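Taking it in order: structure first as structure tokens, then the write-up.
Because the structure is a prediction, the values reported are computed rather than measured.
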Number of protein chains: 2
Amino acid sequence: MSSSTEPRRVTIHDVARSAGVSRQTVSRALNDKAEIDGSTKQRVLDAARELGYRPSRFARGLVRQDTTTVGLVVPDLLNPFFTEVASGALEAARSRGWHVVVYDTADDLDQELATLQVIGAQVDAVVGYFSRSEEDLDRLTPGIPVVLIGREPRTPRFSGIGIDGEEGVREAISHLVSRGHRRIGMLDHDRRPEPSIRQQWFLRAMAEHGIPVHPGRLTRAAQTIDGGGAALATLLSAHPDVTAVFAFNDVIAIGALREARRFGLRVPADLAVVGFDGLALGTLVEPELTSVALDTRSLGALAVEEAARLVTGAAEPGRLIVRAALHLRESA
Amino acid sequence: MSSSTEPRRVTIHDVARSAGVSRQTVSRALNDKAEIDGSTKQRVLDAARELGYRPSRFARGLVRQDTTTVGLVVPDLLNPFFTEVASGALEAARSRGWHVVVYDTADDLDQELATLQVIGAQVDAVVGYFSRSEEDLDRLTPGIPVVLIGREPRTPRFSGIGIDGEEGVREAISHLVSRGHRRIGMLDHDRRPEPSIRQQWFLRAMAEHGIPVHPGRLTRAAQTIDGGGAALATLLSAHPDVTAVFAFNDVIAIGALREARRFGLRVPADLAVVGFDGLALGTLVEPELTSVALDTRSLGALAVEEAARLVTGAAEPGRLIVRAALHLRESA
DNA sequence: TTGAAAGCGCTAACAA
DNA sequence: TTGTTAGCGCTTTCAA
């Protein structure tokens, strides 16, 4: 029967007293140590169960400094790209015996801030996607190793897992051009005022083929399926002569695919669509999505491995690059 | 310059000595307490940064017992169903200021065991999907509140978030029957030897319409897109006269959708397909998937909320039920 | 405004 | 096999 007032924590001391042994013996029983009598052990275990005893993870962690926890921050776990990155991070962590605390910031700067404010007290290292400035990040994660994914750190304070898709985009554009496309649009992201690096790759690849890109053919899309659809609609209403589009990512591309269908356009016959990321989702849609593909899971895994290097002091913050390559499927 | 040998941890004591103050003052500076001189505070902060000091989360947690962490266990984060559940759990946790440690057991009993063995030392409560017996679970999570999702606990040791899809399945079958279907197959899961409860709902609903179900029309599928496709192929080769299928879940149903297309069958004209879960993914495929839908995110959220009740002692372990309802879209 | 002392709950060493 | 002692690193009294 438990008191209905303050539910004071049951400690190892209570168990010891109840079983008539020392705290040390309780510890031995609970941790399956060798030097303990069978019947004593059973008595202790019974007492522990009786009292509903749970060891404090803090006290235990304090004395056995052995567990490592990494914080993984993503803007939206439901976005399949981040799901794949998270999955890779989880697997890499598991293979090292690390634990992963996951935070979904809902792509919101305030929630990102709130996360950063609490994360420092919970983890040994932080990996993931952040929108705040490096100054902010540094201030909010004092002394903690941080690995930025998909973003080039400007200072040696952070490690970065970068993406080099230039060659992959070049392949994609060459493919489109070889199929006779010349009026090619792009559905860029709309997160920042300036164009993405992927747009730069796109423009450079187009320039290599001597094809000018009308600025109106560069549209911006929210990073959702619906956003991709809306952007395609905008693009096509202004430039109905476009025969192919390159999207900032697969989510946007899949939205475009769906919108094209609603427009009555056949893909790829009337409109070719190329995405970026190479999500598994791209193989489920009809037609299957051609994409400049990344090994998304290794993005997460590499981030955790880099975090491990930083935590152990095996390396200074550095950068790693993941390359993208064209995966030719049906949509282009 | 740091020693290249044992990288001994920098403690509050080191900072105190370096700044020429007491440990207490360091604590005050770091925790933004009021009673401290501005210049002293700055000196301490500088020293801390200089030494790369990071407070131990264990020591801090030990004395401040305020943070709560819940462990979320899923068999496969890449399965969109579990992604949605996880997303709901993360949001519910965030709103309580809880942290979530996520474990992906890769649908493997040994990894589940390994997870259970370490999770107790990391979290205040556990929620998620488990395949092991309640005896095993109880033994491995001594004293820790556990909430089982999608599984009815047999003992009051555990809370459960159950799914009641009987009415939803009945709606689905009524719909199919009203469209003239009578030879309806089911693609059940293949995780256990016995048929799923969803199959029982299916058979009961069919019986209510007085339609006998040939046992050969009950097939088993691995819970992947490919598994769903393979199962449909098996079913159709043995029973080509089937005009509709009900799948254990949307993932299997989407595999069936794809396979039907490869068979040259039009959906729903030649073959109607109904899934279960109501995943967002179902709206991305062509045709959009009709499904007995669940609020998957609330499944995760309810689990965390129940965990909160157990942790605070506000309630004894209990069960909650989430109901499913037919979402009519295009595939049936 | 600062410091000294006490203790959070546990386990690793050592002694009995 | 068991108990005693001494911390792990931090924050909260309380006194200076």
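Among residues two or more places apart in sequence or in another chain, the salt bridge (charged side-chain N to carboxylate O under 4.0 Å, His left out) test is passed with B/R139 by B/D136. Scored by the salt bridge (charged side-chain N to carboxylate O under 4.0 Å, His left out) test, B/D277 finds B/R198 as partners (sequence neighbours excluded). For A/R54, the salt bridge (charged side-chain N to carboxylate O under 4.0 Å, His left out) criterion is met by B/D124, not counting sequence neighbours. Contacts of A/R323 classified as side chain to side chain donor-acceptor pair (under 3.5 Å), with partners at least two apart in sequence or in another chain: A/D164. B/S131 meets the side chain to side chain donor-acceptor pair (under 3.5 Å) test with B/R191; sequence neighbours excluded. Not counting sequence neighbours, A/S18 has no partner by the side chain to side chain donor-acceptor pair (under 3.5 Å) test. For the side chain to side chain donor-acceptor pair (under 3.5 Å) test, no residue two or more places apart in sequence or in another chain qualifies with A/E152.
A donor-acceptor pair is defined here as one N or O able to donate and one able to accept, closer than 3.5 Å; such a pair exists between the side chain of A/R43 and the backbone of A/A19.
Rounded to an integer number of Å, the gap from B/R28 CZ to C/dA4 P is 11 Å. Remark: P of C/dT11 and CG of A/D32 are 12 Å apart, rounded to the nearest angstrom. When rounded to the nearest whole Å, the span between CZ of B/R64 and C1' of C/dG9 equals 17 Å. Taking atom NE2 on A/H13 and atom C1' on C/dG9, their separation rounds to 11 Å, with Å as the unit. B/N31 has its CG atom 17 Å from the P atom of C/dT1, to the nearest Å. A straight line from CZ of A/R17 to C1' of D/dT2 spans 19 Å, rounded to a whole angstrom. Here the P atom of nucleotide C/dT1 and the CD atom of B/Q42 are 16 Å apart, to the nearest Å. When rounded to the nearest whole Å, the span between CG of B/D66 and C1' of D/dT11 equals 11 Å.
End-to-end axis angle of the helix from C/dT1-D/dA16 to C/dA16-D/dT1, using five pairs per end and rounding to 10°, comes to 40°.
Nearest to the side chain of A/K33, among C/dT2, C/dA12, D/dG3, sits C/dA12. Among the nucleotides D/dG3, C/dT2, D/dT11, the one closest to the side chain of B/I12 is D/dT11.
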Exercise answer: donor-acceptor pairs, residues 75-87 of chain A side-chain atoms, under 3.5 Å, sequence neighbours excluded:
from, atom 1, to, atom 2, distance (Å)
A/D76, OD1, A/L78, N, 3.0
A/N79, OD1, A/F81, N, 2.9
A/T83, OG1, A/L77, O, 2.5
A/T83, OG1, A/N79, O, 3.2
A/E84, OE1, A/T296, OG1, 2.4
A/E84, OE2, A/A280, N, 3.0
A/S87, OG, A/R297, NE, 3.1
A/S87, OG, A/R297, NH2, 3.0

Pair up each side-chain donor or acceptor in residues 45-53 of chain A with any protein partner under 3.5 Å, not counting sequence neighbours, and list the distances.
from, atom 1, to, atom 2, distance (Å)
A/D46, OD1, A/Q42, NE2, 3.0
A/R49, NH2, B/D138, OD2, 3.1

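Taking every heavy atom of residues 18-25 of chain A and every atom of DNA chain D, pairs under 4.0 Å involve A/V21, A/S22, A/R23, A/Q24, A/T25, by number. At a non-hydrogen distance threshold of 4.0 Å, B/Y53, B/R54, B/P55, B/S56, B/A59, B/R60, B/L62, B/V63 from residues 52-63 of chain B come into contact with DNA chain D.
Using a 4.0 Å cut-off between a side-chain N of Lys or Arg and a carboxylate O of Asp or Glu, A/R94 and A/E91 do not qualify as a salt bridge.
Considering only side-chain N and O atoms, B/T40 lies under 4.0 angstrom from the phosphate OP1 or OP2 of C/dT2. Considering only side-chain N and O atoms, A/S27 lies under 4.0 angstrom from the phosphate OP1 or OP2 of C/dT11.
B/R57 and A/T69 are linked by a side-chain donor-acceptor pair at a separation below 3.5 angstrom, with hydrogens and angles left out of the test.
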